[in-house]
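Here is the naming used below: chain letters follow the sequence lines, and residue numbers restart at 1 for every chain.
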Amino acid sequence: MIGVAYETFLLGRRAFLRWARVPGNWISTLFFPLIQLVLFSQLFKDIIQLPGFKESSYLAYLAPGQIVFAVFLGVSWVGINLLMDYHNGYLDKLRVTPINRISILFGEMVPLFVTCAMMAAVILVTSLALGASLVTGIPGALGILALSGLFGIAWAGTSFVPALITKNEQAAGSLSLLFFPLAFMSTAFVPVERMPGWLQVVNNWNPISYVIEAQRALMSTGFDAGLIGKALLAMAILFIVTQAATIWAFRRLTA
Amino acid sequence: MVTETQQRLDETHAAAAPVIEVRELVKVYKGGTRAVDGVSFTVAEGEFFGFLGPNGAGKTTTIRILATLLRPTSGSAKVSGIDVLAHPGEVRREVGFAMQTVAVDPLATGRENLELIGRLRRVPASELQGRIDELLVLMKLTESQKKVVGTYSGGMKRRLDLATALLHRPKVLFLDEPTEGLDPQSRNALWEELESVNRSGTTMFLTTHYMEEADRLCKRIAIVDEGKIVVEGTPAELKRTVGNDVVELQLEADSPNELERQRSGIGRMLEGFEPVAEIKSSPAGVQLYVSDAAAAIPELVRRLDGDGIRIGALTMHQPSLDDVFMRYTGKTIREEQANVHFTGWY
């Protein structure tokens, strides 16, 4: 256990530095949600008058969705890093050392908490600068970042599994695109009351919406234990399913 | 009583056990390719042993099995007395492996690359920095240690990769085509570094398709082809089995039939000419094994005058490992290189 933790720390630090040293990684990830935040909050400003919105402005409604959206985008390609190590021999180099092989996977997963929280922070700060409010203050902000980090780890499996199974960068990239509609079908853009009936049903099973709702409460209404609990539960289920699949695919690759 | 004596004998054997011990190793990939087809050999402590053969001969597969990256279909392999199948984790502690594809992290500096592998291998913190300095000097990387590896030349990456394999002072170092893709100058430099690693007591197991490399570095080699060891011995011994000087005749012919006609013509015309011990066909003509070739060539050329034999070029040389390979397999290593194929882990 201590061995795995130490190895995960060493490999996680490498993964973090690899991310941080290529600014293109986070610039390209943040570009899309930032544009959506700035543009949509102006373009659809008047949508807030429709019934179902409880916030003071569409910007306040949109911000939590874009935070989660940034995390969603940020982890959509992370499986490819492991694939690159597989193809260039680095994974073999690690496999020849006497470490626990699961540390290699954890070393990719754990730093996602930090990188996702950092990307979430950029969107959060931007939306506050644009005029969104944060009623829960610093503790609420930390809560938002923590939820974002956890969501990043739980969602990353959707990138790891296609990458590890196909062993092909392009295939992995296009397979993770299949998850895109889920982000648009969430409550990132409109509340559930404004959705057609069938979408409301889908939304009940969409983990992304639960994370967004908990964060939205932290920004505009206050600490809501019920919503935070639901978000944690949704992420726990997501985590168990995606991690089980990821560990299976990883073991298969490195047997 | 018998069993007791037997047991004592076994113990004596164990004490003098070789560092690498491979018995009847077989690897069949999915799809039926027999990459390794019943290979057995042993390597003694401190030895520099090499597998020489063309690409696709099963060299990489063998070395990956020994380094615990691949499971054999059957047979057994022990490294440092430890079974690679039963205790792969312990084998990993004893060995270093520099792979054919240089595996270094391009976004980290040279020193960071070494620190990470050193810590993962649990080199004690009190020794690690000193050990890294030592290896940077050995691999002539001290000045570039703080540069990101993505900026290194091919030779520097190779040397860094080799350094990461040496951090924990492995008993055995596996080298898979260590100078592949290097220019002659870097190759020579790397050979010197490998020799000094071996001098410090590390047992070396190398695969290569460069005869000069095997000749220069290895005290003992096994020539491999199509998954089998064809012959094994010291380079000098193997060359002695070829015995004579090698005279290569390149023939000018417009068609394969014509080439074949000239070959059999040569066979007939040299019948009973004593210095010629053996005639073999080579891709562009024939290869003659001739004793004291320098003295025999004038008469040899005279005999081949006529009957439409058109000699385009005549070269002679002392036997090389390529001639050894040719003698035992009927092929040259070079013509076999076309078929490069990495089959992955399965």
Side-chain angles (χ1 to χ4, degrees), chain A residues 2-26 78 80-108 111 115 163-168 249-255, chain B residues 60 63-64 66-71 79 82 84 87-109 112-123 125 128 148-150 157 160-162 164-165 167-168 170 172-174 176-177 342 344-346:
Chain A
I2 296 171
V4 172
Y6 178 59
E7 289 154 7
T8 300
F9 166 73
L10 292 173
L11 291 167
R13 188 169 57 182
R14 163 181 178 251
F16 177 78
L17 289 175
R18 183 185 59 202
W19 175 82
R21 278 172 181 165
V22 184
N25 286 345
W26 43 270
V78 289
I80 288 169
N81 290 320
L82 209 46
L83 212 47
M84 279 163 68
D85 280 352
Y86 168 71
H87 286 306
N88 70 25
Y90 201 82
L91 199 52
D92 275 342
K93 186 185 206 111
L94 296 176
R95 290 169 80 229
V96 185
T97 65
I99 61 171
N100 192 322
R101 284 183 180 169
I102 206 70
S103 305
I104 301 171
L105 181 62
F106 291 171
E108 294 289 329
T115 57
L164 296 177
I165 288 179
T166 62
K167 289 179 243 169
N168 176 309
F250 180 75
R251 288 245 159 91
R252 181 175 167 272
L253 185 81
T254 59
Chain B
T60 297
I63 207 166
R64 287 173 70 84
L66 292 177
T68 74
L69 288 175
L70 200 65
R71 296 176 72 85
V79 175
I82 310 160
V84 295
H87 306 286
E90 280 161 51
V91 172
R92 286 176 201 136
R93 262 175 251 282
E94 308 280 337
V95 306
F97 185 18
M99 289 173 296
Q100 197 168 352
T101 45
V102 174
V104 284
D105 185 349
L107 287 172
T109 68
E112 284 169 344
N113 263 282
L114 291 166
E115 283 174 344
L116 176 62
I117 299 295
R119 287 179 182 135
L120 287 174
R121 281 198 168 275
R122 307 296 202 281
V123 176
L128 183 60
V148 166
V149 172
K157 283 182 191 159
L160 179 66
D161 191 50
L162 198 55
T164 61
L167 278 162
H168 57 298
V172 187
L173 184 61
F174 293 114
D176 193 10
E177 302 276 1
F342 176 61
W345 291 352
Y346 297 97

Heaviest contributor of heavy-atom pairs below 4.5 Å to chain B, chosen from A:Leu11, A:Thr97, A:Ile99, A:Leu94, is A:Thr97

Can you tell me which portion of B:Val102 sits under 4.5 Å from chain A's heavy atoms? Options are side chain, backbone, both or neither.
backbone

Can a cation-pi geometry be assigned to B:Arg64 and B:Phe97, taking NZ or CZ under 6.0 Å from the six-membered ring centre and within 45° of the ring axis?
no

Lys/Arg N to Asp/Glu carboxylate O, A:Arg95 vs A:Asp85, below 4.0 Å:
no

Identify which of A:Arg21, A:Met84, A:Arg18 forms the greatest number of heavy-atom pairs closer than 4.5 Å to chain B.
A:Arg21

Among B:Val79, B:Val84, B:Leu173, which one satisfies side chain to side chain contact (heavy atoms under 4.5 Å, CB included) with B:Val95?
B:Val79

Please identify, among B:Glu90, B:Glu115, B:Arg93, the residue contributing the most non-hydrogen atom pairs under 4.5 Å to chain A.
B:Arg93

Does a salt bridge link A:Glu7 with A:Arg101, judged by any charged N lying under 4.0 Å from a carboxylate O?
no

